[in-house]
Visitor: 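The following block contains the structure, expressed as structure tokens.
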Amino acid sequence: MTATETGIPVDDVRSFKADGKPPLYEARNRVYPKDVKGPLRRFKWIILIVLLGIYYTVPWLRWDREPGMPDQAVLIDLPARRAYFFFIEIWPHEVYYITGLLVFGAVGLFLATSLLGRVWCGYACPQTVWTDLFMWVERKIEGDRNARIRLDKKPLSRNKVIKKVLKHGAWILIGIFTGGAWILYFNDAPTVLPQLLTGEASLAIYGFVGLFAATTYTLAGWAREQLCTYMCPWPRFQAAMFDENTLVVTYEDWRGEPRGRHRQGQSWEGRGDCVDCRQCVTVCPTGIDIRDGNQLECIGCGLCIDACNAVMEKVGRPRDLIMFDTTLNQINRAESKELSYKLLRPRTLIYASIMALAAAVMIGTLITRPSLHVNVLHDRSPLFIPMSDGSIRNGYTLKISNMRNPARAFDVSIEGIADARLDVSGQTTGTGTNARLQVGQDDVATYRVFVTVPRDDVASESTDLVFIVEAPWSGETTRYKTVFRGPDK
Amino acid sequence: MPTKIEKDSVTGIETTGHEWDGIKELNRPLPKWWLYVLYATIVWALVYYILYPSIPGLSGYTGGVLGYNSREAVVTDIAAARSAQAEFLNRIDAVSPEEVRAEQALFNFAMAGGRTAFADNCAPCHGSGAAGAVGYPSLVDDSWIWGGSLDDIHQTLLYGIRADNDETRSSEMPAFGALEILSREQINDVAEYVLSLSGREEDAEAAGAGAEIFAEQCTACHGEAGEGMAELGAPNLSDPIWLYGGEKADIVESIRNSRAGMMPAWVNRLDGPTIKMLTVYVHALGGGQ
Ligand code: SF4
Ligand code: SF4
């Protein structure tokens, strides 16, 4: 049985050579997506404008912080090791918030996918957004599908060179804008933009702009659907989130088949609604035929829906031959049964509750987090020091992070061992059982401290010891449990 | 590899021979650009071979047309780092350890430099945390044989103890047993007395007898109450810190044969600023007076 006999398009077996052996590597099958109009396409434009709008404006939002702090609302300040997000300030020891965000985002993606299929891929993925933008530019310069195919087939001419140069020039420009905006999230935007333009920014900054410009240009200009089909891991396991109640782009083959050309006035009796115009294929950005069923390459963008609806209107058949539908309802429709939409299913409920949990944990820790963070490191070598009066001394490195403005002094004391004395290296005052230590604004201060205990009070090799750091004006305290080491009795 | 080449009956495409639940995997080729990326990496490697030193031979290696040499690059980097440090080192060279300690910027620099120099030169004997060992004093406690002020430490570091240098400091405790100054029994008595100085003894009678011998032989250096004398490098015998061990056998051994630990004179090996940084660092370890 040959491929054509089975009704499977020859397209699919094109990888055969004359000798019948498949070649080792497949030449790229160029996709020339056709422009399409319709509600989903319009929705996609709106999403694109909103997302790019957010991307380009966020670095310019200002947020009033105390003097001496950056006033950019969203800023990742790598040299200072701080991240700012409006009223939230993240310190290096709090990067677990990123873990929380990632968990929240990943499960959110699972939830959206199990409800609505690959909406992320079709509408919100940066690869999709920038590719869409690049295709728009391409269409403006080289024309729509047919014009582009013709242009690529033509030998090099002045006109062709001009068009190609224009297109790639525009793409590179967009790439530079993309990379340039990325930099603004890591630097003060109003400072770094003029520097960028006047050539005064650092080489590292230009390097990163270049890097992001180059990746945008290659990924959105050249790689396009190849990224989704061959490089992205997500299509490989997104099917695990699908079930018969997931809304996916479907070709309703119970209604479309058998397909075939249709002349005006001909009867629709005994044939399907699909007129085999292949509009759904020509508009598809990944170049596939949705009539073959749900497949890995389909990013769920719904452009084929707009295309087919236009055709259906023209030939006077009902819309939605291709539509967002669940597998279950596709069967129900075929059998004229009642439709059912089940949003609440064990899988979606589990995803939603994991999201709620992640959000609750993050908000909870964010609200209750102290403005003061303490870290105590016990000396490892030597573990303890016998002193000339017989007492035992331990050395510690005490780090106090003052996560607020202004500079403040904190009271440090110890608890857990009777008669323990606290000394701070390099401090003449404040030794005894507690000390008052100064920490600069939005800063971490490191102190060497010694705890000395009379020999008789050292009960064992290792005794629990608690460092208490208190903010005297608010009474806020942070306790840090460590140990006091002594000789084996 | 499949043992039998099999074609899928529907598409006519060769299968890989893998089967899951009755579904056979078709042998579909990779995209071409994937292959081009592989070629590009090979070309990249070849370019690298040509530009940079690469292929080793029996008597050397291909130099590469760029003339790059990692050894030279390191030398340049080190020279650059040195000249960046020069300002601090020159200032440290010009002032006393006291003044280094007093100025925050110099102090920070000295602590960093001192830490490295300590790890390279001092840690083998005194331990990485300066806790010392038997025969090698701890530098983190408050007991100093030759004094623990900045100047004392600086002096010790420069010229060492019993070292090969004219200005070195040394003290000589007689080997009371080997030189037959004291008898076995007398040594035992003194040892008991020495134990009593830090509140331990087993034989009060022997300690009583030892007290007299101590007053005769030892107080000149170790003081009336065995409190030691830093000027002479005589250790304090009344605290619980012992350089050569505080058990009776250790003490008897010290009296009988004496001990004479040696610390090198670092002025012979290290430059002035490094020794000053070491001084400040050791002083700040926690025991400095
Ligand atoms: S098949 Fe339709 S929904 Fe899927 S990628 Fe193509 S156009 Fe988009
Ligand atoms: S656009 Fe609609 S009618 Fe045309 S081929 Fe596709 S499914 Fe058939």
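Letters A, B, ... mirror the listed sequences (proteins, then strands); counts begin at 1. Any value given below was found using the heavy atoms of this structure, including those in side chains, with hydrogens, waters and symmetry copies removed.
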Visitor: Between Asp142(B) and Ser388(A) (side chain of the first, backbone of the second, donor and acceptor by atom type, cut-off under 3.5 Å), is there such a pair?
Guide: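 Yes, Asp142(B) side chain to Ser388(A) backbone: donor-acceptor pair under 3.5 Å.
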Visitor: Using non-hydrogen atoms and a 4.5 Å limit, figure out which bit of Leu26(B) sits close to chain A: side chain, backbone, both or neither.
Guide: neither
Visitor: For Glu247(B), I'd like to know if atom CD has over 12 heavy atoms of other residues, nucleotides or ligands within 6.0 Å.
Guide: no
Visitor: Measure the CZ-CG distance between Arg393(A) and Asp141(B) for me, rounded to the nearest 0.5 Å.
Guide: 7.5 Å
Visitor: Check step by step if side chain to side chain contact (heavy atoms under 4.5 Å, CB included) holds for Trp222(A) and Trp33(B).
Guide: CA-CA 11 Å; Trp222(A) 293 91; Trp33(B) 58 260; over 6 Å; no
Visitor: Are there over 12 heavy-atom neighbours, none belonging to Glu202(B), within less than 6.0 Å of that residue's CD?
Guide: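 At most 12 heavy atoms, drawn from other residues, nucleotides or ligands, come within 6.0 Å of this atom.
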Visitor: Please check if atom NZ in Lys24(B) has more than 12 non-hydrogen atoms from other residues, nucleotides or ligands closer than 6.0 Å.
Guide: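 Counting neighbours around NZ of Lys24(B), 12 or fewer heavy atoms of other residues, nucleotides or ligands fall under 6.0 Å, so no.
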Visitor: Got more than 12 heavy atoms from elsewhere within 6.0 Å of CZ, Arg81(A)?
Guide: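 Not buried by this count: 12 neighbours or fewer within 6.0 Å.
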Visitor: What are the two closest heavy atoms between Pro31(B) and Gln226(A), and how far apart are they?
Guide: CB-OE1, 3.8 Å
Visitor: Do other residues, nucleotides or ligands put more than 12 heavy atoms under 6.0 Å from the OH atom of Tyr244(B)?
Guide: yes
